[in-house]
2 protein chains.
Amino acid sequence: MKPENTRVPVLPPSPAQHEGCRGVASVLARVGDKWSVFVIMMLFDGPKRFNEIKRLIDGISQRMLTLTLRGLERDGLVTRTVFPTIPPRVDYELTDLGRGLSQPVMALGEWAKNHQIEIETARARFDGRREAAE
Amino acid sequence: MKPENTRVPVLPPSPAQHEGCRGVASVLARVGDKWSVFVIMMLFDGPKRFNEIKRLIDGISQRMLTLTLRGLERDGLVTRTVFPTIPPRVDYELTDLGRGLSQPVMALGEWAKNHQIEIETARARFDGRREAAE
DNA sequence: CCGTATCCACCTGGATACTG
DNA sequence: CAGTATCCAGGTGGATACGG
């Protein structure tokens with residue numbers, strides 16, 4: 001995984017139709033990759049070790065946690081500090097940038113929590129109506 | 001596409017470790033699916049027709065727009081109104097719920113636009129350092 | 001115009017095993 | 001403990017063609 005593997009909708013030939021949607025997409029790709037947001041939330045209240053995060057999220061594979069953390073590190077959202085002790089110890093911490101991003105992300109999370117029921121209801125209704133039309 | 005195909009990290013055995021992350025995940029899955037956010041943003045300033053949206057986003061395939069709109073409709077975020085004219089005409093519009101969601105989404109978009117450069121810089125630095133270690 | 005259906009390349013992400 | 005490597009199933013999304 002190196003450069004711009006996150007292929008993203010560039011809204012191509014039309015120039016600046018809604019102002020800088022290109023950059024939005026690249027961040028949204030981060031937010032949307034299933035694990036990044038969880039990691040960000042876990043790191044919100046201070047630095048944590050690798051396995052600590054792994055335990056907290058639980059369900060994430062070692063591989064995915066590594067990839068996610070690397071991605072966040074690459075984007076300058078978290079720092080990785082290695083303590084050359086035995087056994088090795090690695091701390092991950094949100095950068096200022098990461099803490100900044102966590103604000104709107106948390107807001108989104110809040111909204112999600114508060115409207116979760118409405119969405120589930122809407123889904124049930126939608127699926128119900130589809131079934132009625134079998 | 002019907003029920004809960006959006007498989008989501010449930011943070012399984014540990015109960016309520018950070019309060020309702022389950023619902024967060026399901027919304028984030030919507031937000032993260034590469035196109036939903038764009039559609040939401042396009043619909044922010046009023047209802048639009050199918051091909052109108054398609055033209056605005058441009059890069060999205062007909063199939064993906066259909067799937068995205070269905071998903072948003074299922075979640076109660078947009079309404080779909082069919083005018084039985086010839087040729088047929090279908091309008092999509094944000095619901096109140098959808099407009100509510102668009103707030104934190106827009107906030108996220110704003111943040112993305114404002115910090116796009118920092119992230120790109122961080123990426124370049126990260127990739128550069130990796131290359132130096134070839 | 002607004003879709004649905006089909007096919008298929010690619011990517012994501014889990015399981016597992018192995019190193020420093 | 002903190003990774004890396006490999007393998008592989010399943011999902012995602014583009015292209016294309018066709019239907020109402």
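Values in this document were obtained by computation on a predicted structure and should not be read as measured data. Computation of the quantities below employed the complete heavy-atom set of this structure, encompassing side-chain atoms and omitting hydrogens, waters and symmetry-equivalent molecules. Chain A is the first sequence line, chain B the second, and so forth, proteins listed ahead of strands; every chain is numbered from 1.
The phosphate of D:dA2 has OP1 or OP2 within less than 4.0 Å of a side-chain N or O from A:Arg49. One finds a side-chain N or O of B:Lys34 lying less than 4.0 angstrom from the OP1 or OP2 phosphate oxygen of D:dG14. Between B:Arg70 and C:dT4, a side-chain N or O to OP1/OP2 separation shorter than 4.0 Å is present. Contact check, A:Tyr92 against D:dC1: no side-chain N or O comes under 4.0 Å of OP1 or OP2. Note on A:Arg89: every side-chain N or O is 4.0 Å or more away from OP1 and OP2 of D:dA2.
The shortest side-chain heavy-atom distance between B:Leu69 and B:Trp35 does not fall under the 4.5 Å cut-off. Under the 4.5 Å side-chain criterion, counting only non-hydrogen atoms from C-beta, A:Pro88 is not in contact with A:Val82. Inter-residue side-chain proximity for B:Thr79 and B:Asp91 is flagged as unmet; no heavy-atom pair is nearer than 4.5 Å.
Nucleotide C:dC1 holds its P atom 16 Å from the CG atom of B:Leu69, rounded to whole Å. Rounding to whole angstrom units, CG of residue A:Leu67 and P of C:dA15 are separated by 15 Å. Between the CZ atom of A:Phe50 and the C1' atom of C:dG20 there is a distance of 15 Å, given to the nearest Å. Residue A:Leu65 contributes atom CG, which lies 10 Å from atom C1' of D:dA2 at whole-angstrom precision. Atom NZ in B:Lys48 sits roughly 17 Å away from atom P in C:dC1 (whole-Å rounding). Between the CD1 atom of A:Ile60 and the P atom of D:dA2 there is a distance of 14 Å, given to the nearest Å. Computed from coordinates, the B:Asp33 CG to D:dG13 C1' distance equals 11 Å when rounded to whole Å.
Counting non-hydrogen atoms under 4.0 angstrom, B:Phe83 reaches nothing in the nucleic acid. Within 4.0 Å (heavy atoms only), B:Arg63 reaches at least one base atom of the nucleic acid.
Side chain of B:Ser102 to backbone of B:Ile40: no donor-acceptor contact under 3.5 angstrom is found.
Place B:Met64 and A:Glu52 on DNA chain D by their nearest nucleotides, and A:Glu52 ends up nearer the 5' end.
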message: Could you spell out the base pairing of DNA chain D as a dot-bracket line? Use Watson-Crick and G-U wobble contacts where both distances are under 3.5 Å, [ ] for crossing pairs, | for partners on a different strand.
response: ||||||||||||||||||.|
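A salt bridge is defined here as a Lys NZ or Arg NE, NH1 or NH2 lying under 4.0 Å from an Asp or Glu carboxylate O, and A:Glu120 with A:Arg123 fails to meet this definition. Looking at A:Glu110 and A:Lys113, a side-chain N of the basic residue comes within less than 4.0 Å of a carboxylate O on the acidic one, giving a salt bridge.
With D:dT4, D:dC1, C:dC1 as the candidates, the nucleotide lying closest to the side chain of A:Thr66 is D:dT4. For B:Gln62, the listed nucleotide lying nearest its side chain is C:dC2; candidates were C:dG14, C:dC2, D:dG3. Relative to the side chain of B:Pro88, the nucleotides C:dA17, D:dG13, D:dG20 differ in distance, and D:dG20 lies closest. The side chain of B:Ser61 has D:dG14 as its nearest neighbour among D:dG14, C:dA17, D:dC1.
One finds the CG atom of B:Leu94 at 11.5 Å from the CE atom of B:Met41 (value rounded to the nearest 0.5 Å). Atom CD1 of residue B:Ile119 and atom CG of residue A:Leu101 lie 7.0 Å apart, to the nearest 0.5 angstrom.
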